[in-house]
Colleague: 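I'd like to ask some things about the structure below.
No experiment lies behind these values; they were computed from the predicted model shown. Order of the sequence lines sets the chain letters (A, B, ...), proteins ahead of strands, with each chain counted from 1.
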2 protein chains.
Amino acid sequence: MNATAPKGRGRPKVRPQALAGQAPAAREKPADKEQRIYAAIVDRVMEQRLKPGTRLPEAALCELFGVGRTLVQKVLQRLAHDHIVELRPNRSAIVAMPSREDVGKLFEARRALEAAVLPLVAAHASRADYASLRRQLRKERDAMHRYAQTEWAGLASAFHLRLGELSRNPMLHRYLAEIISRCCLVVALFQPPGNATCEHDEHGRVVDCLEAGDVAGAQRENDRHLRDLEAHLQLVEEDTDLSLADMLGLSARS
Amino acid sequence: MNATAPKGRGRPKVRPQALAGQAPAAREKPADKEQRIYAAIVDRVMEQRLKPGTRLPEAALCELFGVGRTLVQKVLQRLAHDHIVELRPNRSAIVAMPSREDVGKLFEARRALEAAVLPLVAAHASRADYASLRRQLRKERDAMHRYAQTEWAGLASAFHLRLGELSRNPMLHRYLAEIISRCCLVVALFQPPGNATCEHDEHGRVVDCLEAGDVAGAQRENDRHLRDLEAHLQLVEEDTDLSLADMLGLSARS
DNA sequence: CGGGGATTTTTTGTCGACAATTAAAGGTTT
DNA sequence: AAACCTTTAATTGTCGACAAAAAATCCCCG
């Protein structure tokens, strides 16, 4: 827990280290500030630098980002709408902690959304888009070989996010982005570091099918990939009950 | 425009009449207040009592609902997040005005979501659920026969919302709810009063197929229904350009 | 040693105030 | 009559202050 060192009586301050080093930009529009703060938090959640249950007090965010409480509250509400963060009355915001009941529903929704997105990708993606996707896959594979867990977790998700972008449907893109963020939280919570979440070949096979115009094939590969991912979580879940308690500390959710 | 009567120099207040009569409840939890205000606004948008472009000043909402600005701002942000309302820097919130580019994307997303939801409905719905759906269809038909436009607009949407509920997937349900609200705004903006938006038979046919376990049939019927609805908007669109200017007043969007 | 209570501090929710921005009305000029 | 300017008032964004709730620590007692 990133609380300050105990100094005596009273409640110690909470300052999440993962967000350190956010220099405020001079003369920035409020909307840009808001977006910068939002993105900083989302990125660290996606990269698993901010773990589920981590406290995000307003005052800490104000200091770290050099902004007032009004803006911080706005960002936190926004993050809560996207289920990245949980807000609780009279208590500090925390990085969201998906429940076990959420997991199946999230994957169900994700399969539906990705199945919906793939035909649109096939309809809209250019050769340059596919080339860019393959570059992304290479970066992903490199990160996996370097065992750079946080980088790779971000990149693995980024592939799926990119599919949402390529659908050219802003609504589906946004919903998929939300679902993927939430799946990242699930992975961060229920799977120990070091385990493969998305294997390189799976993404490559989806892209192969798309590029060949085989939408049904891409949907099948992707569906299988997502089901594998979900099943992998279920398998690991039994073994990680003890490490889960470790991960959460005594009572991140008393 | 629901501005107060002109009294001389100065800017008149804006007080949307559609929201009148919101008595504040005594001793209500903040979260309940928030939800009450949110629901009141959403309902009136869905029933087309609050038209796209209608201004919703914070002070007016504070008075009408008997709450402070903090809560109002929170609700407005939430409504903006759901695309019911648009927030603009230094200007009052307005009921959202979908652009023409939005329309196609909305319907595309809606078709995808409803297609995803229908198999889940078929998997989960009980006989009681179908009976309830049919009761809803009867209410819808009654409202249509009474030419109760606002009631019927609400009920027509309610059918689709109910499908989202019956999917038992909270994420898909929420996304569909948002899309349907936004489609209501599209209808309110682009289609004159009195035109049928959802015909009774179409909903009935979807329910028939579902109850018979014919998911593909339900998807086909529903897809056709949504495509008809969209096409209907496009047809009417050419004829309503003048009434659109009427509807918006001189410059609801200067 | 463990539990409970008191104390201290942190943190959130809310309000009022103020300044900046915006919108509408009235008056003036072309 | 239309365009422009001035005046007036509404409205939003933000901050500081305060009270309530919550969390952590310390102390005391059994």
Side-chain angles (χ1 to χ4, degrees), chain A residues 1-16 24 27-34 37 53-80 85-94 249-254, chain B residues 1-16 24 27-34 37 53-80 85-94 249-254:
Chain A
M1 197 54 70
N2 300 310
T4 55
K7 292 217 184 213
R9 305 201 73 172
R11 179 180 179 170
K13 282 183 181 170
V14 174
R15 295 292 181 268
R27 198 162 346 169
E28 191 178 19
K29 287 197 296 196
D32 293 337
K33 279 190 203 175
E34 182 184 326
I37 299 164
T54 306
R55 279 190 277 172
L56 303 169
E58 294 176 3
L61 298 181
C62 292
E63 276 177 35
L64 287 165
F65 291 105
V67 298
R69 281 183 71 204
T70 310
L71 192 53
V72 161
Q73 285 166 341
K74 205 189 231 178
V75 171
L76 286 174
Q77 187 179 346
R78 200 170 144 203
L79 288 162
V85 147
E86 284 171 33
L87 301 181
R88 308 159 301 169
N90 299 313
R91 306 176 72 183
S92 57
I94 56 171
L250 288 185
S251 65
R253 191 183 249 199
S254 56
Chain B
M1 199 54 70
N2 301 309
T4 56
K7 292 221 182 201
R9 301 202 76 175
R11 180 179 178 173
K13 282 184 185 175
V14 174
R15 294 290 181 270
R27 201 168 336 175
E28 191 178 21
K29 288 200 293 195
D32 293 338
K33 279 190 202 172
E34 184 185 324
I37 299 164
T54 306
R55 280 191 275 173
L56 302 170
E58 292 175 4
L61 298 181
C62 291
E63 275 176 36
L64 287 163
F65 291 104
V67 297
R69 281 183 71 203
T70 310
L71 191 52
V72 161
Q73 284 165 345
K74 205 190 231 180
V75 171
L76 286 174
Q77 186 179 343
R78 199 170 145 202
L79 287 162
V85 147
E86 284 172 33
L87 301 182
R88 307 159 301 169
N90 298 313
R91 305 176 74 182
S92 58
I94 57 171
L250 286 186
S251 66
R253 193 183 248 205
S254 57

Colleague: I'd like a table of atom pairs between the protein and nucleotides 3-6 of chain D - only N or O on both sides, under 3.5 Å - with the distance next to each one.
Modeller:
unit_1	atom_1	unit_2	atom_2	d
D/dT6	O2	B/R9	NH2	2.6

Colleague: First locate atom CD1 of A/I94, then atom CZ of A/R88, and finally report the distance between them rounded to the nearest 0.5 Å.
Modeller: 4.0 Å
Colleague: Would you kindly compare A/N90 and A/G10 by the position of their nearest DNA chain D nucleotide and give the one closer to the 5′ end?
Modeller: A/N90
Colleague: Among D/dT11, D/dA22, D/dT14, find the nucleotide with the atom closest to the side chain of B/R15.
Modeller: D/dT11
Colleague: How close do A/P16 and A/P57 get, counting heavy atoms only, and between which atoms?
Modeller: CD-CD, 4.5 Å
Colleague: Round to the nearest Å and state the distance from A/Q73 atom CD to D/dT14 atom C1'.
Modeller: 11 Å
Colleague: Rounding to a whole Å, what distance do you find between A/L87:CG and C/dT11:P?
Modeller: 16 Å
Colleague: Which nucleotide wins on minimum distance to the side chain of B/R11, given the candidates D/dT25, C/dT14, C/dA23?
Modeller: C/dA23
Colleague: Please report the distance, rounded to the nearest Å, between CZ in B/R88 and C1' in C/dT21.
Modeller: 13 Å
Colleague: Is there a side-chain contact between A/L61 and A/I37 (heavy atoms, below 4.5 Å)?
Modeller: no
Colleague: Please report the closest heavy-atom contact between A/S92 and A/R55, naming both atoms and the distance.
Modeller: OG-CD, 3.2 Å
Colleague: Report the residues that fulfil side-chain contact (heavy atoms from CB on, under 4.5 Å) with A/E34, sequence neighbours left out, ordered by chain and then residue number.
Modeller: A/L71, A/K74, A/V75, A/R78
Colleague: Do you know the tightest heavy-atom contact between B/L76 and B/V85?
Modeller: O-CG1, 4.2 Å
Colleague: So which nucleotide from D/dG13, C/dA24, D/dT11 ends up closest to the side chain of B/P12?
Modeller: C/dA24
Colleague: Set out, line by line, the N/O atom pairs under 3.5 Å between protein and nucleotides 15-18 of chain D.
Modeller:
none

Colleague: What is the distance, to the nearest angstrom, from the CD atom on A/E58 to the P atom on D/dA21?
Modeller: 17 Å
Colleague: How long is the straight-line distance from CD of A/E86 back to CZ of A/R91, given to the nearest 0.5 Å?
Modeller: 10.5 Å
Colleague: Between D/dA10 atom P and B/L61 atom CG, what is the distance in whole Å?
Modeller: 16 Å
Colleague: List for me each residue that meets side chain to side chain donor-acceptor pair (under 3.5 Å) alongside A/Q73, sequence neighbours excluded, and say none if there are none.
Modeller: A/E58
Colleague: Counting only side-chain nitrogens and oxygens, does A/R91 get under 4.0 Å of the OP1 or OP2 atom of D/dA21?
Modeller: no
Colleague: CD1 of B/I94 versus C1' of D/dT11: gap in Å, rounded?
Modeller: 15 Å
Colleague: Considering only C/dT11, C/dT12, D/dT11, which nucleotide approaches the side chain of A/K13 most closely?
Modeller: C/dT11
Colleague: From CG of A/L56 over to C1' of C/dT10, roughly how many Å is that when rounded to an integer?
Modeller: 15 Å
Colleague: Can you check the B/E86 CD to D/dT12 C1' distance for me, whole Å?
Modeller: 17 Å
